[in-house]
Protein chains: 2
Amino acid sequence: MRVTTTRNGVASERIASALRDSILRGEHPPGTRILQEDVASDFGASRLPVREAFRILEADGLITLVANTGAWVSRLSLAECEEIYQLRERIEPLLLGYSIPNLSEEQLNRLDELAATMQTLRDPEEFLRLDREFHLLSYAGASTAILGDTVRRLWNTTQHYRRAYTRLLDPDGNRIVHDEHHMLVAALRVRDADDAERVLYGHIRRTRLELARHPALFDA
Amino acid sequence: MRVTTTRNGVASERIASALRDSILRGEHPPGTRILQEDVASDFGASRLPVREAFRILEADGLITLVANTGAWVSRLSLAECEEIYQLRERIEPLLLGYSIPNLSEEQLNRLDELAATMQTLRDPEEFLRLDREFHLLSYAGASTAILGDTVRRLWNTTQHYRRAYTRLLDPDGNRIVHDEHHMLVAALRVRDADDAERVLYGHIRRTRLELARHPALFDA
DNA sequence: TCTGGGTAGATTGGATCCATTGATGACGAC
DNA sequence: GTCGTCATCAATGGATCCAATCTACCCAGA
């Protein structure tokens with residue numbers, strides 16, 4: 001007889017997933033300490049699954065663990081952020097190449113829709129969310145596990161700095177971003193891998209150079 | 001490269017480190033199941049630090065965890081292996097570029113020595129060890145954490161397949177490999193980043209294409 | 001003989017308790 | 001007044017026990 005075991009999945013994964021979302025939403029800025037006990041009571045679990053969740057998030061690059069001391073939300077220096085963007089410049093076009101042949105008509109339409117919606121947004125937080133969905137969706141055709149995971153990790157670790165940067169911008173000021181998004185979708189539609197990869201490369205590179213012009217984002 | 005905040009006193013790190021070495025040495029071939037209880041008794045510890053060690057190794061890409069079921073040494077398909085090599089082609093030259101300006105005379109001498117020694121070896125296992133030391137040492141000048149960790153993870157996951165491939169080879173057959181190693185050190189000595197990165201790119205690319213010619217390596 | 005269900009055993013996931021480590025603040029010496 | 005030391009306390013690391021769940025095997029029935 002099966003009792004009401006609500007089969008919610010494994011607790012450590014559930015907690016890791018929820019914590020990841022809340023960090024990505026910016027509820028724990030870089031440098032913030034996170035206590036096992038607090039998280040455990042938040043989720044109504046013991047500290048044990050929380051400890052495993054911390055290991056998962058450490059692997060994601062989201063938090064940094066120090067033995068016998070605690071866990072902190074990871075903080076990047078400008079140099080590390082540039083490093084990540086240079087990585088992204090090189091591997092996201094590769095990932096996109098894997099994805100292009102398998103993108104469905106439905107996915108392409110959604111990409112169009114996202115690119116158009118982003119242009120009308122005033123709220124930086126909403127822009128961040130859609131921009132993330134846009135790019136990750138463009139990789140959805142790739143059946144690669146390692147490459148996809150690597151890219152996702154890089155997106156996670158830079159999320160907070162993209163947020164800080166986005167808040168600085170005049171909503172209309174980054175017209176180039178929207179143009180690039182539209183150019184990218186156009187290239188994807190005709191399955192022009194070379195063009196799509198070139199646009200994406202430039203898109204990331206430009207963002208990297210822009211970020212480097214605001215070193216203040218990385219203080220504190 | 002990796003900052004190695006010496007958490008060596010912590011059992012989970014010690015166990016993870018020892019297990020990682022033993023997997024890299026080939027003592028647990030891909031597909032092998034690893035039981036928490038066995039590892040725990042091997043190290044005279046309880047299962048708890050073993051569980052955390054498993055999480056660390058999962059992040060390294062060395063093992064795969066399935067909830068309520070167990071841990072297996074990761075197995076790659078040919079497609080995944082090619083994916084990893086394409087990644088390596090793109091990011092290891094970048095990492096090398098970071099490293100070149102900071103390589104010491106001593107490190108360059110050691111690289112020369114390694115390249116020469118490898119030429120004389122008959123034992124594939126020894127070759128693997130030195131080849132790993134050679135390449136990772138060539139990246140030692142890079143102070144990058146994220147990039148270095150990413151590369152190290154890729155090396156880990158492909159270690160077993162490099163081993164299987166190396167065993168196939170006639171020790172004299174891969175003269176090109178040795179030539180490339182010497183060319184690489186020569187370029188590093190004169191701090192010619194462009195040349196070094198090009199040689200390294202070709203080195204990895206050639207290996208990828210060679211691996212693809214032996215699909216049998218990836219069966220069961 | 002093959003398929004399906006059910007049960008028993010092995011193995012992992014989670015909770016609680018204890019040991020150990022690191023940080024903080026007070027006290028005393030120079 | 002400042003620096004160093006020590007004691008206290010909070011937070012993490014680890015051990016043991018219990019619960020949930022998956023696997024493997026056996027047996028009944030077609």
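Proteins get letters first, then strands, A, B, ... in listed order; numbering begins at 1 in each. As a basis for the values below, the full set of heavy atoms in this structure was taken, side chains included, without hydrogen atoms, waters or symmetry mates.
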query: Starting at the 5' end of DNA chain D, which residue's closest nucleotide do you reach first, A:Asn68 or B:Arg33?
result: A:Asn68

message: Suppose we call two aromatic rings close when their centres sit under 6.0 Å apart. Are A:His160 and A:His28 close by that rule?
response: no

Could you state the [atom1]-[atom2] distance from [X] to [N], rounded to the nearest angstrom?
{"X": "A:Glu58", "N": "D:dG13", "atom1": "CD", "atom2": "C1'", "result": "15 Å"}
{"X": "A:Phe54", "N": "D:dA11", "atom1": "CZ", "atom2": "C1'", "result": "11 Å"}
{"X": "A:Arg14", "N": "D:dA20", "atom1": "CZ", "atom2": "P", "result": "14 Å"}
{"X": "A:Gln36", "N": "D:dG14", "atom1": "CD", "atom2": "P", "result": "11 Å"}
{"X": "B:Glu13", "N": "D:dT12", "atom1": "CD", "atom2": "C1'", "result": "13 Å"}
{"X": "A:Leu65", "N": "D:dG14", "atom1": "CG", "atom2": "P", "result": "12 Å"}
{"X": "A:Glu52", "N": "C:dT12", "atom1": "CD", "atom2": "P", "result": "12 Å"}

Lys/Arg N to Asp/Glu carboxylate O, [X] vs [Y], below 4.0 Å:
{"X": "B:Arg47", "Y": "B:Glu52", "value": "no"}
{"X": "B:Glu13", "Y": "A:Arg55", "value": "yes"}
{"X": "B:Arg163", "Y": "B:Glu125", "value": "yes"}
{"X": "B:Glu83", "Y": "B:Arg208", "value": "no"}

statement: Bend of the helix from C:dT1-D:dA30 to C:dC30-D:dG1 from end-axis comparison, five pairs per end, nearest 10°, comes to 20°

- prompt: Is a donor-acceptor contact shorter than 3.5 angstrom present between the side chain of B:Arg47 and the base of C:dG13?
  reply: yes

task: Check if the side chain of A:Arg51 and the base of D:dG14 share a donor-acceptor pair of N or O atoms closer than 3.5 Å.
output: yes

Donor-acceptor under 3.5 Å (A:Thr144 side chain, A:Ile146 main chain): no

query: Taking atom types as modelled and ignoring hydrogens, do the side chains of A:Tyr139 and A:Glu92 form a donor-acceptor contact shorter than 3.5 angstrom?
result: yes

Side chain of [X] - closest among [options]:
{"X": "B:Leu35", "options": "C:dT12, C:dG13, D:dA11", "result": "C:dT12"}
{"X": "B:Ser46", "options": "D:dG13, D:dT16, C:dG13", "result": "D:dT16"}
{"X": "B:Leu48", "options": "C:dG22, D:dT16, C:dG13", "result": "D:dT16"}

- line: Result for 5'-nearest mapping on DNA chain C, choosing between B:Glu37 and A:Ala45, is B:Glu37

query: Between A:Thr69 and C:dT21, does any side-chain N or O lie under 4.0 Å from OP1 or OP2?
result: no

